[in-house]
Amino acid sequence: PNTEYQYILQGSDAAGTIYRSDPFTFTTPAVADSPFGTNIAPTGSITAVSSEFSDTFAATNAIDGDLGTEWSTAGDGDNAYIEIDLGQPRDITAIAFRTRQMTDGTAITNTFTITIDDQHYGPYPTGPEPAVLAEPVTAQTVRIDADQTTGGNTGATEIEIYAG
């Protein structure tokens, strides 16, 4: 976000003449403020997880802020869960669970639940839009469970926990 990139266009015609442009630049847009608050998941740490397929698919990938990495379980399906310690009590306003998926239609988490201090919330649909809590809930540890899945190596490309 808010990064300037430079580029040059180059090509050639049928006779082999090379053409090259002057340098151009563009700047990517800044991150838009979220109406849900700040995503604090990347500052947290994983305290429990149902399983990890391998080191490449570690649970920490679910909270690293990178949609190019993912956490995958070792076949947990509906029994997948992850627990995140936020380091201190925070007022949680919303949580997003972006599911991973295999090309054969497996490993998709359709809905998830949230547990905070033995209180259960959900189920909520997965996707880029966060599940908004009816009112902020103060929590230091958040557990997220797969509720309904297509089975297999379920997990997440990213989990976002918003605090106001």
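A distance of 5.0 Å separates OG1 in Thr73 from CG in Asn153, rounded to the nearest 0.5 Å.
Evaluation of the side-chain hydrogen bond (donor to acceptor under 3.5 Å, both in side chains) test over residues 53-64, restricted to residues two or more places apart or in two chains, returns Asp64-Thr69. Counting only residues at least two apart or on different chains, the salt bridge (charged side-chain N to carboxylate O under 4.0 Å, His left out) pairs with a member in residues 93-112 are Glu70-Arg100, Arg98-Glu160. Residue pairs meeting the ring pair (Phe, Tyr, Trp, His ring centres under 6.0 Å) criterion with at least one partner in residues 136-155, sequence neighbours excluded, do not occur; the list is empty. Residue pairs meeting the ring pair (Phe, Tyr, Trp, His ring centres under 6.0 Å) criterion with at least one partner in residues 129-152, sequence neighbours excluded, are absent. Sorted by first and then second residue, the pairs that involve residues 74-86 and meet side-chain hydrogen bond (donor to acceptor under 3.5 Å, both in side chains), not counting sequence neighbours, are Thr47-Glu83, Ser50-Asp76, Ser51-Asp76, Asp78-Thr149, Asp85-Gln140. Among pairs with a residue in residues 10-31, none fulfils salt bridge (charged side-chain N to carboxylate O under 4.0 Å, His left out), at least two apart in sequence or across chains.
Shown here are the salt bridge (Lys or Arg N to Asp or Glu O under 4.0 Å) partners of Asp147, two or more places apart in sequence or in another chain: there are none. Applying the side-chain contact (heavy atoms from CB on, under 4.5 Å) test to Ser12 and every residue at least two apart in sequence or in another chain returns Ile18. Evaluation of the ring pair (Phe, Tyr, Trp, His ring centres under 6.0 Å) rule for Tyr19 yields no partner, not counting sequence neighbours.
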- request: Go through the steps for Val142 and Leu86 under the test side-chain contact (heavy atoms from CB on, under 4.5 Å), then give the verdict.
  value: CA-CA 8 Å; Val142 176; Leu86 302 172; 4.2 Å; yes
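Through direct or indirect side-chain contacts shorter than 4.5 Å among Ile, Leu, Val, Met, Phe, Trp and Tyr, Phe24 is connected to Tyr5, Tyr7, Leu9, Phe26.
The two residues Met102 and Ala107 come nearest to each other via the heavy atoms CG-CB, 3.7 Å. Closest approach of Pro23 and Ile8 over heavy atoms only: CA-CG1, 3.9 Å. Closest non-hydrogen pair, Glu52 versus Phe57, comes out as CB-O, 4.2 Å.
Between Ile84 and Ile63 the shortest side-chain heavy-atom distance falls below 4.5 Å. Under the 4.5 Å side-chain criterion, counting only non-hydrogen atoms from C-beta, Ile159 is in contact with Ile144.
The number of heavy atoms from other shown groups lying within 6.0 Å of CD (Glu135) does not exceed 12.
With Gln148 contributing its side chain and Asn110 its backbone, the two residues share no donor-acceptor pair below 3.5 Å. Panel note: side chain Asn2, backbone Pro29; no donor-acceptor pair is recorded below 3.5 Å. Put simply, the side chain of Thr28 gets close to the backbone of Thr3: a donor and an acceptor are under 3.5 Å apart.
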Between side-chain atoms of residues 90-97 and protein atoms elsewhere (two or more places apart, or another chain), which donor-acceptor pairs fall under 3.5 Å?
| from | atom 1 | to | atom 2 | distance (Å) |
| --- | --- | --- | --- | --- |
| Asp91 | OD1 | Thr138 | OG1 | 2.6 |
| Thr93 | OG1 | Phe36 | O | 2.4 |
| Thr93 | OG1 | Tyr162 | O | 3.3 |

List the atom pairs, donor and acceptor, that lie under 3.5 Å between side-chain atoms in residues 112-131 and the rest of the protein, sequence neighbours left out.
| from | atom 1 | to | atom 2 | distance (Å) |
| --- | --- | --- | --- | --- |
| Thr115 | OG1 | His120 | ND1 | 3.0 |
| Thr126 | OG1 | Thr109 | O | 2.8 |

